[in-house]
S.K.: 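A single structure is presented below for examination.
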Amino acid sequence: MIQGNDMNILYFITIILSLLLLVLYFFIDKKRNKWLLLLFISISICNIGYFFLSIARNITFVIISNDIVYLGSVFLPFFMLMLILNNCNLKVPKPLIYSLIGISTIMLWVTTSIGYLPIYYKDISLELINDEYVIEKEYGPFHTVYVIYIFSYFISMIGTIIYATIKKTISSKMQAIFLSIVVLGNILVWLVERFIDNTFEFLSISYVINECLLLLLYGILYEYESNIDKKVLKDISSKDFNEGLNEEQIDIIFSSCKNLSILSTREKEILRHILLGEKRKEIGVSLFISESAVKKHTTNIFKKLNVNNRNELFTEVKKSLKSSL
């Protein structure tokens with residue numbers, strides 16, 4: 001890595017852009033996806049490290065700056081994989097998440113071991129060549145482990161997108177395309193960094209571009225979901241209570257109305273059938289219980305939700321839905 005005034009300016013610009021995009025995240029992602037937030041924080045840390053490396057004038061500052069880069073970059077692929085799994089609506093067991101966090105923590109220790117163990121870097125130096133400071137690195141045996149670590153995450157990301165597309169768990173083709181562009185773009189830049197001698201860390205720019213693509217994706221998705229919710233609300237407002245609602249509308253109601261959490265599992269099942277417009281006898285047949293049992297559960301539902309009949313129930317449902325949109 002060669003240092004210079006032009007390089008310093010470029011790295012500083014990536015810091016400013018990263019921080020601005022981090023702020024912009026809070027305005028665009030209304031659902032506050034924690035993995036997206038952690039990804040943006042990691043990118044900001046990484047770009048700060050790159051900037052510090054570009055202005056370092058002694059080996060101690062070089063090592064500290066290099067550690068900051070890896071503090072951001074080691075966890076970055078983990079956050080990206082979790083973000084992709086989240087977007088593909090695939091659940092990950094908590095033990096696996098904790099295992100991946102543990103592996104990333106160990107990898108961070110390995111990559112920042114310079115100064116006390118020659119396992120990742122055998123040597124790192126700062127030399128002045130033709131009035132320019134040049135950082136020279138000699139990698140140790142564990143550098144290959146880090147390459148495998150990164151490459152494994154890339155394979156996992158691609159595999160997840162392909163699997164979700166085949167199983168149709170991902171919401172839209174647009175999501176699959178955006179996520180694929182982000183992953184494949186990172187792979188391409190990473191390969192260029194590894195196999196072509198260069199004087200600038202292009203990953204710093206690649207990260208910023210990825211942030212823009214992800215924010216664009218989340219902005220489009222939020223607008224799309226908002227339009228669906230408004231359409232559902234309009235349909236509910238214009239619908240006769242006796243006709244009932246469809247499954248999509250009921251799913252939104254159950255996810256939006258927090259007060260439904262006080263109902264038991266059986267009461268939620270019966271409420272779903274009530275919202276479908278079914279009568280007590282139909283509900284009993286569907287759930288294999290007596291009509292009197294349905295009546296008893298219905299009474300409890302009305303009592304818990306503070307309504308007296310179906311009409312009041314539908315009215316309260318609409319009010320709750322309006323306040324949530």
Side-chain angles (χ1 to χ4, degrees), residues 11 13-51 67-92 94 96-108 111-112 146 149-161 164 170-172 174-190 193 201-222:
Y11 287 124
I13 290 174
T14 62
I15 291 178
I16 299 301
L17 291 176
S18 296
L19 294 175
L20 286 175
L21 290 169
L22 180 58
V23 172
L24 192 59
Y25 154 84
F26 291 98
F27 292 95
I28 292 180
D29 184 17
K30 305 297 182 180
K31 294 184 177 181
R32 297 291 185 269
N33 186 298
K34 63 180 179 181
W35 300 117
L36 184 63
L37 175 60
L38 289 170
L39 181 71
F40 276 33
I41 292 174
S42 293
I43 290 174
S44 297
I45 293 173
C46 196
N47 282 340
I48 288 171
Y50 282 135
F51 173 70
D67 289 348
I68 293 173
V69 170
Y70 280 109
L71 176 61
S73 61
V74 165
F75 285 95
L76 201 151
F78 166 65
F79 295 145
M80 186 64 200
L81 176 61
M82 297 308 301
L83 180 65
I84 290 174
L85 287 165
N86 181 262
N87 275 271
C88 292
N89 299 308
L90 297 173
K91 292 186 178 180
V92 185
K94 286 188 177 181
L96 177 58
I97 295 177
Y98 295 143
S99 297
L100 292 175
I101 292 174
I103 292 171
S104 297
T105 303
I106 293 172
M107 193 54 60
L108 176 62
T111 55
T112 58
Y146 181 70
Y149 168 82
I150 295 294
F151 197 67
S152 297
Y153 267 112
F154 282 144
I155 293 175
S156 299
M157 292 175 199
I158 295 172
T160 298
I161 296 171
I170 196 165
S171 301
S172 65
M174 177 189 66
Q175 274 184 283
I177 292 172
F178 266 81
L179 293 174
S180 297
I181 290 173
V182 170
V183 175
L184 294 175
N186 269 328
I187 293 174
L188 179 61
V189 175
W190 183 77
E193 294 275 352
E201 295 286 350
F202 288 100
L203 278 173
S204 60
I205 296 177
S206 173
Y207 291 153
V208 172
I209 294 174
N210 290 339
E211 285 183 294
C212 293
L213 288 174
L214 288 171
L215 282 181
L216 178 61
L217 171 62
Y218 271 77
I220 292 173
L221 288 177
Y222 176 75

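Just so it is clear, the values below take in all heavy atoms, side chains as well, and ignore hydrogens, waters and symmetry mates.
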S.K.: Look at the side chain of N86 and the backbone N and O of M82, then say whether any donor-acceptor pair between them is shorter than 3.5 Å.
M.R.: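 No; zero donor-acceptor contacts below 3.5 Å.
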S.K.: For a 4.5 angstrom cut-off between non-hydrogen side-chain atoms, does L179 reach L214?
M.R.: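 Touching, per the 4.5 Å side-chain cut-off.
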S.K.: Decide yes or no for I15 and L19: does some side-chain heavy atom of the first lie under 4.5 Å from some side-chain heavy atom of the second?
M.R.: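 I15 reaches L19 side chain to side chain.
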S.K.: Could you walk me through whether L37 and F26 pass side-chain contact (heavy atoms from CB on, under 4.5 Å), step by step?
M.R.: CA-CA 9 Å; L37 175 60; F26 291 98; 3.8 Å; yes
S.K.: Do P77 and L81 come within less than 4.5 Å of each other through their side chains, counting heavy atoms only?
M.R.: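 With C-beta onward as the side chain, the pair stays apart.
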S.K.: Determine whether the aromatic ring centres of F40 and W35 lie less than 6.0 Å apart.
M.R.: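 F40 vs W35: aromatic centres not under 6.0 Å.
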S.K.: Any side-chain heavy-atom pair from M107 and F75 closer than 4.5 angstrom?
M.R.: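 No, every pair of side-chain atoms sits at 4.5 Å or beyond.
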S.K.: For the atom pair OG (S204) and CD1 (I209), what is the distance rounded to the nearest 0.5 Å?
M.R.: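 Reported value, rounded in 0.5 Å steps: 9.5 Å.
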S.K.: Would you say the side chain of F79 lies within less than 4.5 Å of the side chain of L36, judging by non-hydrogen atoms?
M.R.: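 Answer no - side chains too far apart.
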S.K.: Show, in sequence, the C-alpha distance, side-chain angles and deciding distance for E211 and Y25, and conclude whether the side-chain contact (heavy atoms from CB on, under 4.5 Å) test is met.
M.R.: CA-CA 9 Å; E211 285 183 294; Y25 154 84; over 6 Å; no
S.K.: Could you tell me whether the side chain of L76 reaches within less than 4.5 Å of the side chain of Y153, counting heavy atoms only?
M.R.: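 No, side chains not in contact.
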S.K.: Distance only, no hydrogens: is a donor on one side chain within 3.5 Å (strictly under) of an acceptor on the other, for S42 and Y207?
M.R.: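 No, Y207 and S42 have no side-chain donor paired with an acceptor closer than 3.5 Å.
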S.K.: For the CG atom of L96 and the CG atom of L100, what is their distance to the nearest 0.5 Å?
M.R.: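 Taking CG in L96 and CG in L100, the distance rounds to 4.5 Å.
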S.K.: Should I43 and L21 count as side-chain neighbours, where that means a heavy-atom distance under 4.5 Å?
M.R.: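 No, side chains not in contact.
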S.K.: Answer yes or no: is there a side-chain heavy-atom contact under 4.5 Å between V74 and F78?
M.R.: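 When only atoms from C-beta onward are counted, F78 and V74 do not touch, as no gap falls below 4.5 Å.
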S.K.: Can you tell me how far the CD1 atom of I97 sits from the CG atom of L85, to the nearest 0.5 Å?
M.R.: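 So the gap between those two atoms works out to 8.5 Å.
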S.K.: Can you tell me if N210 uses its side chain to pair, donor with acceptor, with the backbone of S206 under 3.5 Å?
M.R.: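 Flag set: sc N210 to bb S206 pair under 3.5 Å.
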S.K.: At what distance, to the nearest 0.5 angstrom, does CD1 of I68 lie from CD1 of I45?
M.R.: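 Here the rounded value is 9.0 Å.
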S.K.: Evaluate L188 against L184 for side-chain contact (heavy atoms from CB on, under 4.5 Å), listing each step before the verdict.
M.R.: CA-CA 6 Å; L188 179 61; L184 294 175; over 6 Å; no
S.K.: How about Y146 and Y70: are their ring centroids closer than 6.0 Å?
M.R.: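 Yes - the distance between ring centres of Y146 and Y70 falls below the 6.0 Å cut-off.
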S.K.: Give, for atom CD1 of I158 and atom CD1 of I84, the distance between the pair rounded to the nearest 0.5 Å.
M.R.: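 With rounding to 0.5 Å, CD1 (I158) is 9.0 Å from CD1 (I84).
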S.K.: If you count every heavy atom of other residues, nucleotides or ligands that lies below 6.0 Å from F151 atom CZ, does the total exceed 12?
M.R.: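 Counting other residues, nucleotides and ligands, CZ of F151 stays at 12 neighbours or fewer.
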S.K.: I need the minimum non-hydrogen distance between F51 and Y11, along with the two atoms involved.
M.R.: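 Looks like CA-CB, 3.7 Å.
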S.K.: To the nearest 0.5 angstrom, please state how far the CD1 atom of I28 sits from the CG atom of N33.
M.R.: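 I28 atom CD1 to N33 atom CG measures 13.5 Å (nearest 0.5 Å).
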S.K.: Are S18 and N47 close enough that a side-chain donor and a side-chain acceptor fall under 3.5 Å?
M.R.: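 There is such a pair (donor and acceptor under 3.5 Å, judged by atom type) between the side chains of S18 and N47.
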